[in-house]
2 protein chains.
Amino acid sequence: MQITLKDIARMADVAESTVSRALNDKPGVGRETKLKILKIAKENNYRPNQLARGLAAKKTNMIAVILAEMDSPGNIEIVKSIEKAADEKGYQIILCNTNNQEDKEESYLSLLESNQVDGAIFIGGKLVGSHLLRASFSQDNRIVLVNRLAEENFFTSVLTDYSQGIYQAVEHLVEENFKKIALVCGSRDDLIEEEKISGYKNALRDSGLDLNQELIFSTANDRQAGYNVFLEIIEGDVIPDAFISTRELTTIGLVEAIKMGGYFIPDDFAVVGYGDNILTSVIDPPLTVLSEPVEELGKSSLEFLLKLINDNLDSQQIKVLTPELIIRESSISKYN
Amino acid sequence: MQITLKDIARMADVAESTVSRALNDKPGVGRETKLKILKIAKENNYRPNQLARGLAAKKTNMIAVILAEMDSPGNIEIVKSIEKAADEKGYQIILCNTNNQEDKEESYLSLLESNQVDGAIFIGGKLVGSHLLRASFSQDNRIVLVNRLAEENFFTSVLTDYSQGIYQAVEHLVEENFKKIALVCGSRDDLIEEEKISGYKNALRDSGLDLNQELIFSTANDRQAGYNVFLEIIEGDVIPDAFISTRELTTIGLVEAIKMGGYFIPDDFAVVGYGDNILTSVIDPPLTVLSEPVEELGKSSLEFLLKLINDNLDSQQIKVLTPELIIRESSISKYN
DNA sequence: GCAATTTACGCAAGCGCTTGCGAAAACTTG
DNA sequence: CAAGTTTTCGCAAGCGCTTGCGTAAATTGC
């Protein structure tokens, strides 16, 4: 049997309440007694039952990080950053992977609703809406969204400015003399994808290039999808000379397909990928990428969340971070 | 305020105990009443407080998965497999990343000790021993180790047979006519690394090759370490013609260093890497790898754990799985 | 050295749930 | 239809902790 508060109290010959206060560093317990209690607790390797503690105090010091996809190196970096920040503040994170399944998202949300965690951070994923919304008003929305646009400005969010990022990418490609720039993004019912498209359109306009709807593609974020989209593209009516591929895994597949087709990067097709990670840097040729401020995304999201939790803020806040364009071989025109 | 069991009981005009039994599908509640209770609970979107439930029932249906490194794609795959299996059994996992820090490992162990989780699976990482051991006898060791060798056969474990894997790799390289095969592994105070070395030695012996201690290298598992080890190697006395690199990230760095040095794979150096994942397949040239049975590792570890938890088994079990050699360009001799 | 403060501690209720046990109600059976 | 059996349900204790409140002890001030 586990050793409990009561046991410690008996050993120290004080009341349970005193032990509790001593252990939690709360006022109202004398220096002597406190030391004695701490000593006994340590000697007996006492571990408070966090369930009981959470139940009584209505606070668990755990937060849920709900991840749409674990395969994405960028997301993993965000998680690591959150974890680091949480650790410093005395919070533990519990990581939940939804694999882009909406029902799992809902089921993980019940961690919040059933008080197992003090708050939740959602990383990526589509906005499904209904259940999130519901949760948000049933609870006092201790929820932060990372890289996910909500329909209403309902949730505190930390966002990467994809629009701005894509804009930069187009600009860069135009400077390198590419003229037919294709955009490969995710599902169009995802608001964040519309953001990308809007940046793309703006940049084309400002560069005096024509917009061709046929050069905008939507795919899933996996390797095969990236591969397939290229096959589709080269059989299409209008062949691009450059790609902006905005999702990590898709980009990998796309590059493979290009090479497999006997084409060269950047000679035949320039490529701008997404995410400054080991994948995009290892692939041949090294990819020019839009680099997400992963560290900052994680840190800020945690800070926001703690503010929501502790200060009981109910006003929502939004922070927008700009990605950085990291230029490598894959987008440098040979004929420049 | 959250709606509670008591509320439901009042609304249904029955006792709390009846509601509890109805909700948990336990016998002793009439069909009529049960239906009524379920209906009311659903209508009110009732969510049991899992803390209270865990406290009372001494069971949380959550298990901790404690991960030594999140950067490793292989580990991520194992986690996903565990998660899938857990989901089917009605368990939720909470993922804890230690970043190879022993103290974090200990702190996460307290999730177990403080009853927040019903069991824990450790993936990878060194055996530190002391605290794990301590935990194991304080609790009735509801712990499963994946790819981690314990000093005593104390814990239920699921292991990849590295020795056997490396043996295969050497054999393959020998067939391809490589004669000076270097082994790049992790820290030698890790028992599992000794396993690798033992497989390496056996294979050399059986192939009639001389063992040269200078061809065994230990490094951290990151890209830079892999890079550095190659620099070190080519300045050494004895230059290998092939590498078996047993850790994912190290392998990437090693390959980069080889290419950066102006050498060719496999012409100048053959490479056998570790882990059949996107990284090793995307790199140029595609790497021959030892492929871990990630799916199976995850699945079995969960099964073992549930057996420990539910059947209260105290006997430890060990399952050993053999990695598969996937042959790609990086180890095919041109002169064969 | 005695009243007024302050500090240290214990009491007990309560967090939301589970579960053993006993009583009432609903069924059997001959 | 009475006695026995089974089913349905409520009572109450308890899981291990926190916390408001009240009182006793220690401290201060003059």
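Chain identifiers are assigned alphabetically (A, B, ...) following the order of the sequence lines, protein sequences preceding nucleic acid strands; residue numbering begins at 1 within each chain. What you see is a predicted model; the values in this text were computed from it and never measured.
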*What parts of residues 28-44 of chain B reach DNA chain D, counting only heavy atoms under 4.0 Å away?*
B/Gly28, B/Val29, B/Gly30, B/Thr33
*What does B/Pro27 touch in the nucleic acid at a heavy-atom separation under 4.0 angstrom: a base, only the sugar-phosphate, or nothing?*
nothing
*Please identify each residue that fulfils side chain to side chain contact (heavy atoms under 4.5 Å, CB included) with A/Ala56, with sequence neighbours left out.*
none
For nucleotides 22-24 of chain C, give me every protein contact, N/O to N/O, under 3.5 Å, one pair per line with atom names.
none

*Partners passing side-chain hydrogen bond (donor to acceptor under 3.5 Å, both in side chains) against A/Thr60 (at least two apart in sequence or in another chain)*: A/Asp118
*Could you tell me which residues satisfy side-chain hydrogen bond (donor to acceptor under 3.5 Å, both in side chains) with A/Gln50, sequence neighbours excluded, listed by chain and number?*
none
_For C/dC17 and B/Tyr46 - does any side-chain N or O of the residue sit under 4.0 Å from the phosphate oxygens OP1/OP2?_
yes
*In residues 9-21 of chain A, what residues come within less than 4.0 Å of DNA chain D, judged by heavy atoms?*
A/Glu16, A/Ser17, A/Ser20, A/Arg21
*asked:* If the condition is salt bridge (charged side-chain N to carboxylate O under 4.0 Å, His left out), which residues does B/Asp25 pass it with, not counting sequence neighbours?
replied: B/Lys34
Show which side-chain atoms of residues 87-98 of chain A pair as donor or acceptor with protein atoms under 3.5 Å away, not counting sequence neighbours.
residue, atom, partner, partner atom, Å
A/Tyr91, OH, A/Lys59, NZ, 2.6
A/Asn97, OD1, A/Asn99, N, 3.0
A/Asn97, ND2, B/Glu83, OE1, 3.0
A/Thr98, OG1, A/Leu67, O, 3.3
A/Thr98, OG1, A/Asn100, N, 3.2

*Which residues satisfy the side-chain hydrogen bond (donor to acceptor under 3.5 Å, both in side chains) test with B/Glu32, sequence neighbours excluded?*
none
_Measure CG/B/Leu5 against P/D/dG10 and give the value in whole Å, please._
13 Å
*Identify, with sequence neighbours excluded, every residue that meets salt bridge (charged side-chain N to carboxylate O under 4.0 Å, His left out) alongside B/Glu16.*
none
*Going by an N to O cut-off under 4.0 Å, is there a salt bridge joining A/Lys39 and A/Glu43?*
yes
_On the nucleotide D/dC17, are OP1 or OP2 found under 4.0 Å from the side-chain N or O atoms that A/Lys58 carries?_
no
*Residues two or more places apart in sequence or in another chain: which of them pass side chain to side chain contact (heavy atoms under 4.5 Å, CB included) with B/Asp222?*
B/Ala220, B/Gln224, B/Ala225
*Are B/Asn115 and D/dG16 close enough that a side-chain N or O sits under 4.0 Å from OP1 or OP2?*
no
*For A/Asp71, enumerate each residue passing the side chain to side chain contact (heavy atoms under 4.5 Å, CB included) test, keeping only those at least two apart in sequence or located in another chain.*
A/Leu249, B/Glu77, B/Lys80
*asked:* In whole Å, I'd like the distance from the CG atom of B/Leu55 to the C1' atom of C/dC15.
replied: 9 Å
